[in-house]
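Notes to accompany the following structure.
Chain letters run A, B, ... following the sequence lines, proteins first and then strands; every chain starts at 1.
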Amino acid sequence: MKYDFNRIENDWQKYWADNKTFKAVNNSDKPKYYVLDMFPYPSGAGLHVGHPLGYIASDIYARYKRHKGFNVLHPQGYDSFGLPAEQYAIQTGQHPAITTETNIKTYRRQLDQIGFSFDWSREVRTSNPEYYKWTQWIFIQLFESWYNNDTNQAESIDTLISKFSSEGNAQINAECDDDISIFSSEEWNSFSSEKQQDILLKYRLTYLAETEVNWCPALGTVLANDEIVNGVSERGGHPVMRKKMTQWSMRISAYAERLLQGLDTIDWTDSLKESQRNWIGKSVGASVRFPILSFPKGEAKSDSSQPAGYMTGGNNSHLLIERAQEMRANPTKAEAALWESLRGKKLDAKFRQQHLIGDFIVDFVCLDKKLIVEVDGKIHENQIEADNARTLRLENDYYKVIRFTNEEVLGDVESVLEKINKELSQRESIKSNQQSSEQHKSEKVLPLGKDLGWDIEVFTTRPDTIFGVSFMTLAPEHELVSRIVTDEQKTEVEAYITATAKRSERDRMADVKTISGAFTGAYAEHPFTKKPIPIWIGDYVLAGYGTGAVMSVPCGDQRDYDFAKHFNIPIPNIFEGVDISEEAYGSKDNVKIANSDFLNGLNYKKASKTAIYELEKRGQGEGKTNYRLRDAVFSRQRYWGEPFPVYYVNGMPQMIDKAHLPIVLPEVEKYLPTETGEPPLGRATDWAWDTKNNKVVSNNLVIPTEGGTTDEESHNGIYPLELNTMPGWAGSSWYFFRYMEDKANRDEAFASEDALKYWENVDLYIGGSEHATGHLLYSRFWVKFMKDRGFVNVDEPFKKLINQGMILGTSALVSRIGIQFPSKPDQDVDKSLFNLTLFVSENESEKCKEKKEKEIEGFISKREAQIKQKYPDMNIIRATRIWPMHVDVSFVNASDELDIEAFKNWREEYKDAEFITEVDGTFKVSREVEKMSKSKYNVVNPDAICEQYGADSLRLYEMFLGPLEQAKPWNTAGITGVHGFLKKLWKLYVDDNGLKVNDAEPTADNLKTLHKTIKKVEDDIENFSFNTSVSTFMIASNEFTAQKCTSKVILEPFLILLSPYAPHIAEELWNRLGNDESISTAPFPKFEEKYLVESSKNYPISFNGKMRFTLELPMDMSKDDIEKTVMAHEKTIAQLEGRTPKKVIVVPGKIVNIVG
RNA sequence: GCUGAAGUGGUGGAAUUGGUAGACACGUUGGACUUAAAAUCCAAUGUCCAUUAGGACGUACGGGUUCAAGUCCCGUCUUCAGUACCA
């Protein structure tokens, strides 16, 4: 009887479906085990052999666990919202739901034929309203929650509101936007409802905010960071730009620390955890504030332009004095002229030139009368502001400031002097008031830099190197840049900013080597040394990370070092005994700090701690932890996604009550954005929310809210709905909970409390590594949130996770020789005569080469002759080129030989192609391993494999290819190996007369083979080493065959071992052995050591570590006896050639090694 | 650059604790069966030398530890994956 796999597989698949063999129950005496695959997006292309790899592995594990006595949940479903169905809809007008439905049918058929033990009664589809109802519900929960840093968990927004109304927000330690002002409970209670909503939005875990997003114009939507690869979209490779848009965001950053800590509690690969750690990007360090001095060094005062404002802060008089001296030495013409007159004592008072008053240098001052005279050049706008601020402060100190322009002074010095004189006389009377107001004055004086918030705040992980700061660098986009830049530097800085803005994100990323930047002319003050530090801008500082500004320590950071070298900025060394003449010393280890005042001699740890302490003492900084993880943008300008349960009243988002969910995706006539740039939902005619009747109604009923009317009546209580949809990761962030409940019972909740309690979380999760930072991070975030709010009981969704490796295609390439005979087109020629399509076989041997060259030449000259004959006058020029061309792998056999006939029929253009073959008439292709792709014709469809070899062969072969987690090439030819094994296995049980198996007593060898196989297979499955199990089956089957084993007590348990891998044949034979029940829950055979105990061992006898021969010796022989026996052996004597060994190593049961 | 994984026959891979390197397959070669092909079965198959017996060399490269190293240690190179001016 033949192994009729097609019949067998069909029958058993039907049996499993009919008997609901794999239906999981939500209560059982057995321990639970939850095995999950990452659910697929049902693409139109269907499955190729790479897709089922992970499913086969998880199925083997699920089936194994059933044999081991577990109540196994092994569900499957579809991540059915997504771009391809929408793109297809845009092109064809077909509703994405229809496309999706069709694709799912194909997927289901393909999955079914492989014989998976899925419990389909729990299927989910993210695009089903009954499913996304709960996605919307979770969104509402997020909206109605805030993150309390004191309790370190999410809480209902109600607790926040009650805190606001009882104590205001000053004491609240929440994860929230950073632009929130402090208010008291009275203020809160007096705020309008709209203002309150506005404030609450800044605290909610999902919030609406104008954010800079990754906008992909080609796709017409925003993309998350993990949807962008190398600066272009993951799907389609379209360019991505930064754009400001109002979007829903998820406050995942609130969970950064817990997402990081949670990694230590789960069994994932190190590389995956590392990816997540990188993505979260925790750095511990300090936040430091550097006051801006805005005191440009070396700035020349010229005729035409006036120096920038003299705004300063902190104690820097030494610098100002230096500066004043410089200015005195280089007066402008007007200043020189006026000084001439003032000094010439034409007036009654004593004036000083370029004198220091407080933090300011003034042009001229009469100290007695507190009169300041300023001579201004052309004043820039922002300098007026600065000068006004300065004037204000000086006036606080009871100085009077009068101003003249250069022109006034140079034109008519006399009238200027007259004005000064007049002021001097008026100042007499004011002088007396001064003392009485002294008290008042001291209250009002503030350090100006601080007053205006003109600090530069930086984040550093190396506060220990703070004395190594020799400059600061701001991102070109930093908001302070335009305010601190000096006139001199303005042109340069502006040019630099423009140049940077022009460069795309991608260029900036690609070109890291080029150092660029510009000096702003401004200075900041070092918090400890009080020395001025030049402020630069440079695009190596990113606006999006930290504060968008850095304190540059060239001796300790290579980027700062390179920047400093490039712009000739000093590089002070603050490391003890480290040479920094070539490069920065970036390490934190093995070094002590030097030239750093109170930090001298300390190591990284102590110095950092001390520096932070000192900064805190001075109020100029504090210890801080920074995360790279950004809040996740949650809006997509797409049709085929979950609609938001949100409507807007006067621009403020409102949640639709849970009772009215789901809000079903509306119909649109086209799936493109509207002409006005709104998302596709903007095309829906019925997309407004009727708050009275709680239903979606026509847009026409919405009365425009112009003029700010807020009363319900004027709207009829009907408001516009949100036009964005949710991103792909919304539905996939919680689907594993939905499976916990049977379809029949999941209307009331996303899953019942009992179900959630019973199944807890996924014990084993298998899927691709491409989700390392997307799906796997978002899911963890949502689960933690749901745990906080008491909706689920677990902290982590996936206890153990394995990434299956990619299966690559083995492309087949032929060498094509194209020959063209260019001719003048004016003639009406037979074109087919001029193009020759010639393929040449790939084999490289010399003999063939000669033959082939000859033949190629033959073909070409023959054609030339034909042309000559037809067009005798034509001047023929021959042009030849060879290029490799992909051919469909299905035309190629295991020996890399091309089926020429099949290839000719592939395409019309190859019908008359010529082939130059090997000597034996075969045509060889060359092979290349690359990603499976339609365009490379190397995609292998599992349908064809199942048809030709059967699902069991496919399952075994996919496992046999290599380790699960490793990428490996597919080569269909190799499947004959495992298929042959199944045929042999069949013959072990069944022959032409029917069943061979009988009640024969097992031999010792039979038992040994069986138990060795039990042990190996069990260990392999536990270690997910599925490839080695397959060879173990082959070995066992070969041994049983050699042993002519027919014993049922051996061959029956062997089927259970095989059943997870090749379930159909196992069921069939199991059934033939007389079992009525499915094999699927038969207990896994118990391994018994006693059958493996050997009486003797074939010892390898080594000489100096090299094995020379083997010797069969009893297992219980003593060490001494082994040595004696071996030494007496004739082969030993021959090996030694009379030498006396120095040493003999005997490891009983292992090896004998003779040294000498 | 950083992080992680890896490098073994013609190919996929095995060797899980340092103890006979190349299991199990594919492919190749030869043979049996057959009119023939397919299927099936048998044998050989790391490289080199040798008629045989046997020997030398072999796990990316260079060192080291050990009676013994694919496995452990140091250094170098290469490949793949992820990530990237993250301060």
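Backbone-only engagement by A:Asn1027 is indicated by non-hydrogen atom pairs under 4.0 Å involving sugar-phosphate atoms exclusively. Contact annotation for A:Ser1031: base contact, defined as any heavy-atom pair under 4.0 Å involving a base atom. A:Asn278 comes within contact range of no nucleotide atom at all, as no heavy-atom separation falls under 4.0 Å. Here A:Asn1104 lies out of heavy-atom contact (under 4.0 Å) with every strand. If you check every strand for non-hydrogen atoms under 4.0 Å, A:Glu965 touches nothing. A:Thr976 comes within contact range of the sugar-phosphate backbone alone, with a heavy-atom separation under 4.0 Å but no base atom that close. In this structure, A:Val1147 reaches the bases: a heavy-atom distance under 4.0 Å links it to at least one base atom across the strands shown. The residue A:Lys1015 sits apart from the nucleic acid: no heavy atom pair falls under 4.0 Å. In this structure, A:Lys983 reaches the sugar-phosphate backbone alone: every heavy-atom distance under 4.0 Å involves primed, P, OP1 or OP2 atoms, never a base.
Using the Watson-Crick or G-U wobble rule with both distances under 3.5 Å, B:C61 pairs with B:G75. Pairing for B:U40 is with B:A32, a Watson-Crick or G-U wobble pair whose two hydrogen-bonding atom distances lie under 3.5 Å. Of the nucleotides present, B:C67 is the one that pairs with B:G19 by Watson-Crick or G-U wobble criteria, both distances under 3.5 Å. Remark: B:G4 base-pairs with B:C80; criterion is Watson-Crick or G-U wobble with both hydrogen-bond distances under 3.5 Å. If you check B:U51 for Watson-Crick or wobble pairing at under 3.5 angstrom, you find it has no partner at all. The partner of B:C85 is absent, by the rule that a Watson-Crick or G-U pair needs both atom distances under 3.5 Å.
The shortest distance between the side-chain N/O atoms of A:Arg559 and the OP1/OP2 oxygens of B:C2 is not below 4.0 Å. Proximity of A:Arg1108 to the phosphate of B:G55: a side-chain N or O atom is located under 4.0 Å from OP1 or OP2. In terms of phosphate contacts, A:Lys1106 brings no side-chain nitrogen or oxygen within less than 4.0 Å of OP1 or OP2 of B:A68. Applying the 4.0 Å criterion to OP1 and OP2 of B:G12, one finds that A:Lys968 has every side-chain N and O outside that range. For B:G10, the OP1/OP2 oxygens have no side-chain nitrogen or oxygen of A:Asn971 closer than 4.0 Å. Residue A:Arg927 has no polar side-chain atom (N or O) positioned under 4.0 Å from OP1 or OP2 of B:G10.
Residue order along RNA chain B, read from the 5' end via each residue's closest nucleotide, puts A:Thr1110 first among A:Gly977 and A:Thr1110. For A:Met1034 and A:Asn626, each mapped to the nucleotide of RNA chain B holding its nearest heavy atom, the one lying further toward the 5' end belongs to A:Met1034.
Ring-plane geometry between A:Phe567 and A:Phe563 is classed as tilted, the angle between the planes lying from 30 to 60 degrees on a 0 to 90 degree scale.
Annotated as anti: B:G75, whose O4'-C1'-N torsion sits more than 90° from 0.
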Under the side-chain hydrogen bond (donor to acceptor under 3.5 Å, both in side chains) rule, what do A:Ser253 and A:Tyr627 come out as? Steps first, then yes or no, please.
-> CA-CA 8 Å; A:Ser253 54; A:Tyr627 298 91; over 6 Å; no

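A donor-acceptor contact under 3.5 Å is not formed by the side chain of A:Lys273 with the base of B:U3.
Here the P atom of nucleotide B:A87 and the CD1 atom of A:Ile537 are 22 Å apart, to the nearest Å. One interatomic measurement links the two molecules: CG of A:Asp557 to P of B:A87, which rounds to 9 Å at whole-angstrom precision. Straight-line distance from the CZ atom of A:Arg462 to the P atom of B:C86: 14 Å, rounded to whole Å.
A cation-pi arrangement, defined by a distance under 6.0 Å to the six-membered ring centre and an angle within 45 degrees of its axis, is present between A:Lys1015 and A:Phe1087.
Under a 4.0 Å N-O distance rule, the pair A:Arg277/A:Asp270 does not qualify as a salt bridge.
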